[in-house]
Amino acid sequence: MAEIVFSGDPVEWAERIQAWVGQHLTSRAALFQALAVVAVGLAAWAACRALNLGEKKAPPQTGWRADPRIAPMLRELRHCAWSGLSGALLLLADAAARHFRLPHQVLSIAASAALAWVLAHIAGTLIKSRFLGRVVAWVVWLMAVLHALGLVNQALEFLDEMGFALGKSHVSLLLILKGAALFVVLLQAARLLASMADDKLTRADGLSPSAQVLFAKGARFGLYALAITFTLASVGVDLTSLTVFSGAVGVGVGFGLQKIFSNLVSGVILLLDKSLKPGDVIEMGGVQGRIAQINARYAAIETLDGKAYLIPNESLIGNEVINLSYSNSRLLIRAEVGVAYGADPRNAMELMEQAAARTPRVLAEPAPRAMLTGFGDSSVNLSVGFWIEDPQEGIANVRGAVLLAIWDAFTEHGVCIPFPQREVRLLKDE
């Protein structure tokens, strides 16, 4: 059982803090410097209000637009304008105090804290996660303030003495914070490298879409695994002791995580056998759409009406899936029409072929072909088949366009499309 311990003397640390405060912050010179800091802060606040800086609302639109990569930094710099202006004015005051050999410790500390606040928030924008960015900003600012106060070594010593006993080992709070900071840095580096690798693989012409996705996912998982491994090694964790943990993970996979790992393995199989790949148009369970991406757990199927179906990879492996673009992107579509028995079916079929050929997205080669498919109760049933090469743009829309063109052609040439009619006779009972 872990037990929190503190190897230092709390009374000793309290006396150190009291002595430092009495030496630096309770003199008359420190009071005058504090008043000067307040005056400079008020002057900077008034200047920012007059210049309309530091507000959360968006600045007025101008003709110049910043690069999207530096726009967050500029926005954060605008929000921290009061702190930056205060720091610049305090630097001038500190330089003047040094020149005239006046006390300046409080001015130096306040200037460093104000400027560190700006730099910390700008550094936080480099991290994609907003929460981690805020945490990094506060940590950077706190370290800068401690450095300005000259208390970095004392703070590190205090954190190293705080900790808890885990078995025969002593885990200090400083070690935990170092490991967390290293993990955040390595995680951001892994994300950056994974994004760069993803971009390179996407532009690689010699790789199929399935191979691009597979290599990108493998690189991402590998970089994350390296980040975790280096973090554990840096904090002194014996990696050989993780064999017990891996056994527990195996038991968890056998009981509660088998579905997750089944979907993961199914996704890898889909990418390896190339039966389904991003960009394919599939039909499954009455849902037809384009595979937008294949992730570790599911495949995202986008339809033309804007819906996204998240289908588990295991379902794609175990159920029937119709791949409309498996061998190539060309797809044969049929449109069925009925004409009256008094019409010439040969003339009607010729009109249907011409109407289909004039429709956008219909391929000229192979040319549309019409045929007679049967004799119905009220009509002669005809069908025209035509090819398209972009099924991801939709099938129902191009079939509707062909039917509308056939309607226009039949109307122009007087071909009648019948509708069912019934003749009812009433027989009088003798």
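The chain is numbered in sequence order, starting from 1.
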Contacts of Asp408 that satisfy salt bridge (charged side-chain N to carboxylate O under 4.0 Å, His left out) - sequence neighbours left out:
none
Salt-bridge test for Arg290 and Asp280: reply yes if a basic N is under 4.0 Å from a carboxylate O, no otherwise.
no
Atom pair CG (Leu226) and OG1 (Thr231), whose distance is rounded to the nearest 0.5 Å
10.5 Å
Rounded to the nearest 0.5 Å, how far does CD1 of Ile395 lie from CG of Leu331?
5.0 Å
Without swapping roles, check the side chain of Ser315 against the backbone of Ile311 for a donor-acceptor pair under 3.5 Å.
no
Quick one: does Asn381's side chain get under 4.5 Å of Leu372's, heavy atoms only?
no
Tell me every residue that passes salt bridge (charged side-chain N to carboxylate O under 4.0 Å, His left out) with Glu314, counting only those two or more places apart in sequence or in another chain.
Lys259
Can you tell me how far apart CD1 (Ile388) and CZ (Arg361) are? Round to the nearest 0.5 Å.
5.0 Å
For the pair Glu302 and Lys307, evaluate side-chain contact (heavy atoms from CB on, under 4.5 Å) and give the outcome as yes or no after the intermediate values.
CA-CA 6 Å; Glu302 293 182 352; Lys307 296 180 181 178; over 6 Å; no
Reported OG1-to-CZ distance for the pair Thr359 and Phe386, which is rounded to 0.5 angstrom
7.5 Å
Just how far is it from atom CG of Asp390 to atom CZ of Arg330, taken to the nearest 0.5 Å?
11.5 Å
So Arg369 and Glu353, do their side chains get closer than 4.5 Å, heavy atoms only?
yes
Is there side-chain contact between Cys416 and Val339, with at least one heavy-atom pair below 4.5 Å?
no
Sole residue of Val415, Val337, Asn347 in side-chain contact (heavy atoms from CB on, under 4.5 Å) with Met352:
Val337
Mind listing the closest non-hydrogen atom pair of Pro368 and Ala357 along with its distance?
CG-N, 3.9 Å
Grab the two heavy atoms, one from Leu223 and one from Ala190, that are nearest each other, plus how far apart they are.
CD1-O, 3.7 Å
Side chains of Leu182 and Phe230, heavy atoms from C-beta outward: is any pair under 4.5 Å?
no
For Leu107 and Ala93 the tightest heavy-atom approach is CD1-O, 4.0 Å
Please examine the side chains of Leu363 and Glu389, heavy atoms only from C-beta on, and report whether any two atoms are closer than 4.5 Å.
yes
Minimal heavy-atom distance between Pro418 and Ala340, with the atoms involved, is CD-N, 3.3 Å
Are Ile228 and Leu186 side-chain neighbours, meaning at least one heavy-atom pair lies under 4.5 Å?
no
Arg399 side-chain N/O to Arg334 backbone N/O, donor-acceptor pair under 3.5 Å
yes
side-chain contact (heavy atoms from CB on, under 4.5 Å) assessment of Leu90 paired with Val37:
CA-CA 7 Å; Leu90 288 173; Val37 170; 4.0 Å; yes
Rounded to the nearest 0.5 Å, how far apart are CD1 of Ile406 and CD of Glu336?
11.0 Å
Closest non-hydrogen atom pair between Asn313 and Tyr298, with its separation:
OD1-C, 3.3 Å
Met284 versus Asn319: any side-chain heavy-atom pair under 4.5 Å?
yes
Do Leu351 and Phe410 come close enough that some side-chain heavy atom pair is under 4.5 Å?
yes
Could you give me the CA-CA distance, side-chain angles and deciding distance for Ser379 and Ile417, then say whether side-chain contact (heavy atoms from CB on, under 4.5 Å) is met?
CA-CA 8 Å; Ser379 64; Ile417 299 178; over 6 Å; no
Nearest heavy atoms of Val281 and Pro391, plus distance in Å:
CG2-C, 3.8 Å
Determine whether a donor-acceptor pair (N or O, by modelled atom type, separation under 3.5 Å) exists between the side chain of Thr373 and the backbone of Ser383.
no
Between Asp344 (side chain only) and Arg346 (backbone N and O only), is there a donor and an acceptor less than 3.5 Å apart?
yes
Derivation and outcome, side-chain contact (heavy atoms from CB on, under 4.5 Å), residues Gln293 and Ile291:
CA-CA 6 Å; Gln293 53 183 323; Ile291 300 179; over 6 Å; no
